[in-house]
Amino acid sequence: MVWLVFCSAVFLISVYRTYLMKPGMLEMTQDGIVINGTVINVEAVKCLLINHDRKPVVGIKLKGRAIVPLKLCFTFAEEQTEGIRQLEFWARERQVKVSKVFFMRWL
C-alpha cells in the first residue's frame, strides 16, 4: 500500500511539472544564469548537460552535486536550436564545460 501511494505521488508530481506548470524565464548574465528568479553564479556551475532525446533537455549541474535538480532542467519553448547555440556560446565565454549526454534528474 505504501509503495502504491509513493508511486502515485511521483506520477502526479511528474504530470504536474510536465504539463501544468507555467513556462519559466531564463536569463544569461555576465556573472551567471537566472532561472525563474533564482541566481546561479558561474563559479557554482560544474557543467551544462544537454540530453538530445525527442526534445532536447538542458540541465545545469552544480558543483558538489551528483544529480541535476529538476528546477535546473529546462527546454526552450521556441527556437530550440538557437537557444541551445546561445547557451553554448555563453558557456564557452565563461569556460563552463558543455556535455551532450544523457543525465539523471531528481524531482
Side-chain angles (χ1 to χ4, degrees):
M1 188 66 161
V2 172
W3 183 250
L4 181 64
V5 170
F6 175 75
C7 290
S8 298
V10 169
F11 176 74
L12 290 174
I13 290 170
S14 298
V15 168
Y16 172 75
R17 288 188 173 194
T18 303
Y19 298 108
L20 301 176
M21 283 184 75
K22 295 185 296 184
M25 293 292 296
L26 169 76
E27 181 182 348
M28 295 175 277
T29 65
Q30 198 67 9
D31 299 328
I33 296 177
V34 180
I35 298 177
N36 295 329
T38 304
V39 179
I40 304 165
N41 291 328
V42 174
E43 294 83 27
V45 177
K46 181 175 183 179
C47 63
L48 295 177
L49 302 170
I50 302 172
N51 182 1
H52 281 287
D53 260 347
R54 290 170 271 132
K55 186 174 182 182
V57 176
V58 178
I60 300 173
K61 188 172 187 180
L62 301 177
K63 292 180 181 174
R65 296 286 182 119
I67 298 176
V68 178
L70 193 58
K71 68 179 181 179
L72 298 181
C73 296
F74 58 91
T75 60
F76 292 97
E78 298 174 1
E79 300 179 20
Q80 183 84 348
T81 55
E82 178 63 23
I84 290 176
R85 190 182 63 73
Q86 287 179 3
L87 191 62
E88 288 175 336
F89 179 75
W90 177 89
R92 200 172 329 119
E93 282 185 336
R94 286 149 188 85
Q95 290 82 36
V96 174
K97 181 181 170 186
V98 176
S99 298
K100 296 182 179 183
V101 296
F102 173 80
F103 61 91
M104 297 294 294
R105 302 179 284 263
W106 184 249
L107 292 177

Closest non-hydrogen atom pair, [X] against [Y]:
X     : Y     : result
Pro69 : Ile60 : CD-O, 4.4 Å
Cys47 : Val96 : CA-CG1, 4.1 Å
Cys73 : Val57 : CB-CG1, 4.3 Å
Thr29 : Ile33 : OG1-N, 4.3 Å
Leu87 : Met28 : CD1-SD, 3.4 Å

(message) I'd like to check the side-chain hydrogen bond (donor to acceptor under 3.5 Å, both in side chains) partners of Lys100; sequence neighbours left out, ordered by chain and number.
(response)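 Testing Lys100 for side-chain hydrogen bond (donor to acceptor under 3.5 Å, both in side chains), a comparison that skips the adjacent residues, returns Glu88.
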(request) Please name all residues satisfying side-chain hydrogen bond (donor to acceptor under 3.5 Å, both in side chains) with Arg92, sequence neighbours left out, ordered by chain then number. (result)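 Arg92 satisfies side-chain hydrogen bond (donor to acceptor under 3.5 Å, both in side chains) with no other residue.
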(message) Counting only heavy atoms not in Gln30 (residues, nucleotides, ligands), do more than 12 fall under 6.0 Å from its CD?
(response) no
(request) Flag yes if Phe74 and Leu62 sit in one hydrophobic cluster, no otherwise; membership is Ile, Leu, Val, Met, Phe, Trp, Tyr, and two members link when side-chain heavy atoms are under 4.5 Å apart. (result)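 Looking at the clustering, Leu62 is in the same group as Phe74.
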(message) Pair Val98, Phe89 - check side chain to side chain contact (heavy atoms under 4.5 Å, CB included), show working.
(response) CA-CA 10 Å; Val98 176; Phe89 179 75; over 6 Å; no
Give, for atom [atom1] of [X] and atom [atom2] of [Y], the distance between the pair rounded to the nearest 0.5 Å.
X     : Y     : atom1 : atom2 : answer
Ile35 : Ile40 : CD1   : CD1   : 4.5 Å
Gln86 : Phe76 : CD    : CZ    : 8.0 Å
Ile67 : Lys61 : CD1   : NZ    : 8.5 Å
Arg94 : Asn41 : CZ    : CG    : 12.0 Å
Ile13 : Ser8  : CD1   : OG    : 11.0 Å

(message) Go through it in stages, so that I can follow the logic: the residues are Leu49 and Val101, the test is side chain to side chain contact (heavy atoms under 4.5 Å, CB included), and I'd like the CA-CA distance, side-chain angles, deciding distance and then a yes or no.
(response) CA-CA 7 Å; Leu49 302 170; Val101 296; 4.1 Å; yes
(message) Would you say that Leu48 contacts Ser99 through its side chain, given a criterion of any heavy-atom pair below 4.5 Å between the two side chains?
(response) no
(request) Applying ring-ring contact (aromatic ring centres under 6.0 Å, His included), name anything that partners Phe6, two or more places apart in sequence or on another chain. (result) Trp3
(request) Using modelled atom types only, decide if a donor and an acceptor are shared between the side chain of Lys46 and the backbone of Arg65 within a distance under 3.5 Å. (result) no
(message) side chain to side chain contact (heavy atoms under 4.5 Å, CB included) for Leu26 and Val34? Distances and angles first, verdict last.
(response) CA-CA 6 Å; Leu26 169 76; Val34 180; over 6 Å; no
